[in-house]
Number of protein chains: 2
Amino acid sequence: MHGEIAPGQSLTLRGIGADFGVSMTPAREAIRRLSAEGALTMSSSGRVSTPELNNERIEELAALRSLLEVELASRALPRAHIALIDRLQSINARVAEDIARQDAVAYIRRNLEFHRTLYLRAQAPAMLAMAETVWLQLGPTMRALYGRLRRKDPPHFHRLIIAALKAGDEPSLRLAVRSDVTQGLRMLVG
Amino acid sequence: MHGEIAPGQSLTLRGIGADFGVSMTPAREAIRRLSAEGALTMSSSGRVSTPELNNERIEELAALRSLLEVELASRALPRAHIALIDRLQSINARVAEDIARQDAVAYIRRNLEFHRTLYLRAQAPAMLAMAETVWLQLGPTMRALYGRLRRKDPPHFHRLIIAALKAGDEPSLRLAVRSDVTQGLRMLVG
DNA sequence: CATGCACCCATGTGATCACAAAATTCGCTC
DNA sequence: GAGCGAATTTTGTGATCACATGGGTGCATG
């Protein structure tokens with residue numbers, strides 16, 4: 001999910017088991033679970049690797065993020081009190097630090113933490129789980145994107161999200177979330 | 001997914017293995033996968049059972065169905081030619097038969113086949129997979145619903161969906177799908 | 001030097017086992 | 001007869017093994 005593994009990297013049961021000091025069995029179960037969520041692809045022979053997404057698939061997953069996360073943000077809005085907004089702002093500050101440090105993995109993790117913190121307030125666990133499944137599928141690809149894109153600016157749309165939350169402005173919030181979610185992936189496709 | 005198992009039914013690895021004539025290992029992997037998709041719940045001790053959904057969860061899953069399936073139908077619309085509509089109509093006729101026979105499992109299966117046939121045209125595999133995940137989570141509960149509800153009428157909203165497809169009318173299609181998806185679950189909650 | 005083939009090693013699958021923990025059942029006591 | 005505790009059975013977990021298969025490497029041949 002955090003882009004620590006590059007797209008197309010192949011994984012073996014015995015290798016994962018050795019990495020974590022366990023036998024094949026727990027590694028198998030973990031891989032089975034991740035495959036079920038679409039985070040790993042299994043070849044016909046049962047070999048697993050992180051997916052290499054084509055542009056169509058990336059656009060589809062971006063559309064899914066947009067659908068799910070706009071709804072989650074919308075549901076979180078009425079419950080978003082000042083304490084939550086403060087936390088979002090502090091997370092956002094750390095996002096800026098990660099960008100300054102050019103640490104792609106930390107940036108992705110913190111960015112997702114920003115989103116998850118907001119969506120937790122939606123009180124919609126199934127919906128949040130689906131959003132996280134999409135994140136999982138995009139993880140390796142996002143790393144490839146943000147590793148390439150060497151930007152310095154702190155995330156613009158995060159500020160818009162926070163502003164819309166403060167104002168209690170649902171249409172603006174929906175637009176800001178959609179923009180934030182789509183923006184990064186749009187340039188990966190382009 | 002088809003409601004063959006009642007909500008809250010507990011399953012054991014050895015039992016499933018025996019049912020399918022295999023050892024625990026394949027049963028374990030299947031259960032792990034289904035748990036990852038939310039189709040089964042695991043207790044802290046690792047025991048698995050089909051979920052018993054409360055009203056909040058049902059409403060959330062209905063909202064997810066609405067979000068995903070409206071989008072899928074909308075994407076399928078431009079590609080929906082007459083051959084597809086014919087197939088939908090013939091599936092719909094068999095849905096009516098299943099209702100007449102009071103066969104809940106067959107009805108659920110056929111109803112989902114109707115939806116899947118339409119959504120396949122959307123060419124959005126990740127989105128369809130998420131919709132099917134929601135179906136999986138609702139399976140046992142849907143059975144409990146349709147087993148209770150002893151209705152005789154063929155599905156009204158399916159006709160509206162077909163009519164909207166024929167007319168190429170996207171707003172009507174979106175409304176019809178949302179209604180069809182929400183209708184059944186609304187009375188389960190109520 | 002390229003290409004095809006054969007061999008070998010790596011890898012996933014299903015089965016079985018030992019073990020620990022939890023649930024159920026049985027019996028005892030009040 | 002009801003409640004509680006101990007014993008037994010059930011059940012999930014992790015490990016290990018045999019086996020089949022697919023991939024990769026290296027060698028031989030044109």
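Owing to the predicted nature of the structure, the values given are computational and were not obtained by experimental measurement. In the text below, chain A, chain B and the rest are named by the order of the sequence lines, each starting its count at 1. Note that these values count all heavy atoms, side chains included, but never hydrogens, waters or copies made by symmetry.
Rounded to whole angstrom, the span from the CD1 atom of A:I16 across to the C1' atom of C:dG12 amounts to 12 Å. Between A:L13 atom CG and D:dT16 atom C1' there is a gap of 14 Å when expressed in whole angstrom units. Here the P atom of nucleotide D:dT16 and the CZ atom of A:R14 are 12 Å apart, to the nearest Å. Following rounding to the nearest Å, A:R47 (CZ) and D:dG24 (P) show an atom-to-atom distance of 7 Å. In this structure, B:M24 atom CE and C:dC19 atom P are separated by 15 Å, rounded to whole Å.
B:T25 comes within contact range of at least one nucleobase, with a heavy-atom separation under 4.0 Å. Within the 4.0 angstrom heavy-atom criterion, no nucleotide atom of any strand lies near B:V48. Residue A:L11 is in sugar-phosphate contact alone, with no base atom involved, counting any heavy-atom pair closer than 4.0 Å across all strands shown.
For A:H2, there are no ring-ring contact (aromatic ring centres under 6.0 Å, His included) partners, not counting sequence neighbours. Applying the salt bridge (charged side-chain N to carboxylate O under 4.0 Å, His left out) test to B:R178 and every residue at least two apart in sequence or in another chain returns nothing.
Side chain to side chain, A:S74 and A:E170 meet the donor-acceptor criterion of an N or O pair below 3.5 Å.
Between A:G3 and A:V105, the closest heavy-atom pair is O-CG2, 3.9 Å. Annotation for B:L77 and B:A164: closest pair CD1-O, 4.4 Å, computed over non-hydrogen atoms.
Residues from residues 28-42 of chain A lying near DNA chain D, meaning a heavy-atom separation below 4.0 Å, are absent.
Toward the 5' end of DNA chain C, the nearer of the two residues A:G46 and B:V22, judged by each one's closest nucleotide, is A:G46.
Ring geometry, A:F114 versus A:H158: the interplanar angle falls under 30°, so the pair is classed parallel (tilted spans 30 to 60°).
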